[in-house]
Participant: 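The structure's right below; bear with me while I get my questions together.
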Amino acid sequence: MSAVNDTKFQSAVFLLTGIPGQEDIHLWISVLFSFILMYVISIVGNSVILFIIKTDPSLHEPMYIFLSMLAITDLGLSISTIPTILGIYLFNSREISLNACFAQLFFIHFLAKIESSVLLLMAFDRFVAICNPLRYASILTLPRIAKMALVFVLRGVAVALPFPFLLKRFQYCRANVLSHSYCLHQDVMKLACSDIKVNTIYGMFTTLFTLGLDSLLIFLSYVMILKTVLSIASHTECLRALNTCVSHLCAVLLFYIPDIGLAVIHRFGNSSSHLLRILLGYVYLLVPPLINPIVYSVKSKHLRARIIRAFVK
């Protein structure tokens, strides 16, 4: 009995996982440089977008307000993973305490739900702009945008807050090595020596209630957008309307494809998919904050002009 208790006590920390083979100095240097470069571009890119939108009154429109929400969320996701990912590759610091792990996974899951919500709001923005342009200004007013944002923030908190408490009740007596360089609920719960049925059901429920529902509504929004666009007689106007959706579609695909892939691998993957799970985990949290500001800066002429003007002064 005491041996079991000792084992449970020894698992008071988790060990994070880096990319296999990082002991090779050349691989280690290239991986470290890549992560630092990705974080710098993500943080600088999203900060620039926030600064430009905040300081330019002409950008205080619903589309750019939603883009600033996306930039804030991407900044949060980047900052929430920096300590553990860079800690592994800079200092070979793989240990993380239970409380720190639970705090990190709360913020990661909370911000992921918020990102999904913001992408849904951006889809709604495109839907109204294309399908009902005459009422765009009256539908997407600032007070209404603020209320929608508040509802989705509260939903994110309500959904993510139980995760740490559901995990805190467990004893961890199995191998305490996690699959990623950061903590996720679906990863941590597998290390428990108790019945995890409640966690599994709750995890599936939250995924369906947030990511599943949001992605379905985004899909329906684009069905309506496509239906409206195809009814436009002018080919040029049709392409112009679709072109306004390209940036958002890129952001949706960048977020949902890795997220769905990671969920499938965690649920159905085997030991042979370990490297794929690690790489997909990095793509899931690091690539959207990196690519989103680049895509929106390139595709939005108005935003691009303001950024160029700010740096050319």
Participant: Other residues, nucleotides and ligands only: do more than 12 of their heavy atoms fall within 6.0 Å of OH on Tyr222?
Facilitator: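 Yes.
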Participant: For Tyr39 and Thr81, does a side-chain donor sit closer than 3.5 Å to a side-chain acceptor?
Facilitator: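 The criterion, which ignores hydrogens and geometry beyond distance, is satisfied for Thr81 and Tyr39.
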Participant: Are Ser300 and Tyr64 close enough, and set up right, to give a side-chain contact (heavy atoms from CB on, under 4.5 Å), and what steps lead you there?
Facilitator: CA-CA 10 Å; Ser300 173; Tyr64 295 106; 3.1 Å; yes
Participant: Taking atom CG of Leu121 and atom CG of Leu67, what is their separation to the nearest 0.5 Å?
Facilitator: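 Between Leu121 CG and Leu67 CG, I get 13.0 Å after rounding to 0.5 Å.
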Participant: Kindly indicate, with the supporting measurements, whether the criterion side-chain hydrogen bond (donor to acceptor under 3.5 Å, both in side chains) is fulfilled by Ser116 and Tyr256.
Facilitator: CA-CA 8 Å; Ser116 178; Tyr256 283 106; 2.6 Å; yes
Participant: Can you measure from OG (Ser68) to CD1 (Ile49) and round to the nearest 0.5 angstrom?
Facilitator: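 The distance works out to 10.0 Å.
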Participant: Please round to the nearest 0.5 Å and tell me the distance separating atom CD1 of Ile114 and atom CD1 of Ile72.
Facilitator: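 Reported to 0.5 Å precision, the distance equals 11.0 Å.
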Participant: How many angstroms lie between OG in Ser47 and CD1 in Ile52, if you round to the nearest 0.5 Å?
Facilitator: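 CD1 of Ile52 is found 11.5 Å from OG of Ser47.
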Participant: Minimum heavy-atom separation for Ser179 to Asp187, with atom names?
Facilitator: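 Heavy atoms only, the tightest pair is N-OD2, 2.7 Å.
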Participant: Can you confirm whether the side chains of His180 and Tyr284 place a donor and an acceptor under 3.5 Å from each other?
Facilitator: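 No.
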Participant: Arg135 pairs by side-chain contact (heavy atoms from CB on, under 4.5 Å) with which of Cys131, Pro133, Ser138?
Facilitator: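 It is Ser138; the other options fail the test.
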Participant: Measure the acute angle between the ring planes of Phe163 and Tyr202, then classify it against the limits of 30° and 60° as parallel, tilted or perpendicular.
Facilitator: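 Answer is perpendicular, since the angle exceeds 60°.
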Participant: Could you name each residue pair satisfying salt bridge (charged side-chain N to carboxylate O under 4.0 Å, His left out) that touches residues 144-161, not counting sequence neighbours?
Facilitator: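 Qualifying pairs, neighbours excluded: Arg155-Asp214.
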Participant: State which residues pass ring-ring contact (aromatic ring centres under 6.0 Å, His included) with Tyr282; sequence neighbours excluded, sorted by chain then number.
Facilitator: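 Checked Tyr282 against ring-ring contact (aromatic ring centres under 6.0 Å, His included); matches are Phe35.
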Participant: Verify side-chain hydrogen bond (donor to acceptor under 3.5 Å, both in side chains) between Thr84 and Gln104, making sure each step is shown before the conclusion.
Facilitator: CA-CA 9 Å; Thr84 51; Gln104 185 185 48; 3.0 Å; yes
Participant: Could you state the interatomic distance from CE (Met189) to OG1 (Thr200), rounded to the nearest 0.5 Å?
Facilitator: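 Answer for the CE-OG1 pair, Met189 versus Thr200, is 4.0 Å.
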Participant: To the nearest 0.5 Å, how far apart are OG1 in Thr207 and NE2 in His185?
Facilitator: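 That separation rounds to 9.5 Å.
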Participant: Kindly assign one of parallel, tilted or perpendicular to the pair Phe14 and Tyr172, based on the angle between their ring planes and the thresholds 30° and 60°.
Facilitator: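 Judged by the thresholds at 30° and 60°, the geometry between Phe14 and Tyr172 is perpendicular.
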Participant: Under 3.5 Å, is there a donor-acceptor pair linking the side chains of Ser194 and Gln171?
Facilitator: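 Absent: no donor and acceptor within the cut-off.
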Participant: In chain order, what residues pass the side-chain contact (heavy atoms from CB on, under 4.5 Å) check against Leu90, with sequence neighbours excluded?
Facilitator: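 Leu90 satisfies side-chain contact (heavy atoms from CB on, under 4.5 Å) with Leu32, Leu86 once adjacent residues are dropped.
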Participant: Are the side chain of Tyr182 and the backbone N or O of Gly281 linked by a donor-acceptor pair below 3.5 Å?
Facilitator: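 Yes, the answer is positive, given that a donor and an acceptor are paired below the 3.5 Å cut-off.
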Participant: Checking side-chain polar atoms at under 3.5 Å, does Ser97 have a donor or acceptor matched by the opposite partner on Asn99?
Facilitator: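 Their side chains do not contain a donor-acceptor pair, so the 3.5 Å distance test is not met.
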Participant: For the backbone of Leu290 and the side chain of Asp74, can you confirm whether one donor and one acceptor N or O come within less than 3.5 Å of each other?
Facilitator: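 Not at all, since once roles are kept as given, no pair shorter than 3.5 Å links the two residues.
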Participant: Would you say the side chains of Arg304 and Ser297 form a donor-acceptor pair under 3.5 Å?
Facilitator: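 Judged by distance alone, the side chains do not pair up.
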